[in-house]
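Take a look at the structure set out below.
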2 protein chains.
Amino acid sequence: MSSDALFAALASPARRRLLELLLREGDQPAGRLAERFDMSRPSVSEHLKVLRDAGLVAEARRGRERHYRLEAEPLMSLRDWLSPYERFWRERLAALGTILDEMPSTMDEKDDD
Amino acid sequence: MSSDALFAALASPARRRLLELLLREGDQPAGRLAERFDMSRPSVSEHLKVLRDAGLVAEARRGRERHYRLEAEPLMSLRDWLSPYERFWRERLAALGTILDEMPSTMDEKDDD
DNA sequence: TTGATAGGTAGGATATTTCCTACGTATAGT
DNA sequence: ACTATACGTAGGAAATATCCTACCTATCAA
């Protein structure tokens, strides 16, 4: 409902890395995820909690392990949030193109970057 | 370059609101933006600084005013960040569709939630 | 030049985040 | 039943974020 939790969850590099690991390597138990981090296991566990609260991951208990899986749905609301900005961006690009089209053609120099 | 500053900038509701104001109402001087907030003008000014540092807004000095405008380009890197998750999301949706297709057709009950 | 306006910066109080080391709970294996 | 493993939670230290009230600078207008 509130996108605040979503944006806040994504603000931490550690949490974005967790999402990326789940995306690229699939579901994993918490411990296996934690191994990859320089930080303590409980800290990773807390980051997982933030992601859980934001609906970005879900856990499934398998024996004494807890397997986490990516839940991408909330990210689709991020895409929705983004889209008017994308429209804005495209309009600016289009306007820039028009300006360039209207420029004297004698201005053809090489541009490198 | 680093997306950390971008995500961090978007983490604050006040800053997202600033972006939205610039998107929907166009360029505005800092003071006019600040009027809309419950917080003090210097606080808004600091939020604008964070947005500036993230490349999300640019200022143009006009007399004693500073007009801010939206710079949507960094948000396009957010879209890029998002896209693999969107692909993931679509694949899950497709998989769900397949499962539903393979279900016995006798299972058509109403579901409410 | 003097005064008013626009808006940034400094310093500080308070809240929040991030990380840690214990510690608790549940499951698996013996 | 006992021990080890997996993993969360508690409590707290330290860093960072958020907000405030001064305060400073630059421009405009008389």
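Just so you know, these numbers come straight off a predicted model, no measurement behind them. Below, chains carry the letters A, B, ... as their sequence lines are ordered, and counting in each starts from 1.
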query: Any ion pair linking R90(B) and E86(B) (charged N to carboxylate O, less than 4.0 Å)?
result: yes
- prompt: Taking the nucleotide of DNA chain C with the closest heavy atom to each, which residue, R64(A) or A8(A), is nearer the 5' end?
  reply: A8(A)
field: Heavy-atom donor-acceptor pair, E65(A) side-chain to dC7(D) base, under 3.5 Å
entry: no
message: Rounded to whole Å, how long is the line connecting atom CD of E46(B) with atom C1' of dA10(C)?
response: 10 Å
query: OP1 or OP2 of dA26(D) less than 4.0 angstrom from a side-chain nitrogen or oxygen of R66(B), does that happen here?
result: no
Pairwise 5' ranking along DNA chain C for A11(A) and P42(A), keeping only the more 5' one: A11(A)
task: Considering just the side-chain nitrogens and oxygens of H47(B), establish if one lies under 4.0 Å of OP1 or OP2 belonging to dC19(D).
output: yes
query: Are H47(B) and F37(B) side-chain neighbours, meaning at least one heavy-atom pair lies under 4.5 Å?
result: no
Whole-Å gap separating C1' (dT18(D)) and CG (L48(B)): 15 Å
- request: Indicate, with a heavy-atom threshold strictly under 4.0 Å, whether R62(B) touches base, sugar-phosphate, or nothing.
  value: nothing
- request: Looking only at side-chain atoms of S12(A), point me to the closest of dT18(C), dC20(C), dT9(C).
  value: dT18(C)
task: Using only side-chain N and O atoms of Y68(A), determine if any of them is under 4.0 Å from OP1 or OP2 of dG8(D).
output: yes
- line: In whole angstroms, the gap separating P of dA26(C) from CD of E59(A) amounts to 14 Å
task: Round to the nearest Å and state the distance from Q28(B) atom CD to dA6(C) atom C1'.
output: 15 Å
query: Picking from dC19(D), dT18(C), dT21(D), which would you name as closest to the side chain of M39(B)?
result: dC19(D)
message: Strictly below 4.0 Å, N to O, side chains only: are E25(B) and R36(B) in salt-bridge contact?
response: yes
- prompt: Is a donor-acceptor pair below 3.5 Å formed from side chain R41(A) to base dG8(D), judging by atom type as modelled?
  reply: yes
Stepwise salt bridge (charged side-chain N to carboxylate O under 4.0 Å, His left out) check, R16(A) with E20(A): CA-CA 6 Å; R16(A) 289 199 305 280; E20(A) 196 188 326; over 6 Å; no
- request: Mind calculating the distance between NZ (K49(B)) and P (dA17(D)) to the nearest angstrom?
  value: 13 Å
query: Can you check the F7(A) CZ to dA17(D) C1' distance for me, whole Å?
result: 18 Å
For atom CZ of R32(A) and atom P of dA6(D), their distance in whole Å: 11 Å
- prompt: Hey, does the side chain of S45(A) come within less than 4.0 Å of dG8(D)'s phosphate (OP1/OP2), counting only N and O?
  reply: yes
Any S43(A) side-chain N or O less than 4.0 Å from OP1/OP2 of dT18(C): no
message: Does either side chain, that of R52(B) or that of Y68(B), offer a donor lying less than 3.5 Å from an acceptor on the other one?
response: yes
query: What is the distance from CG of L18(A) to P of dC19(C), rounded to the nearest Å?
result: 11 Å
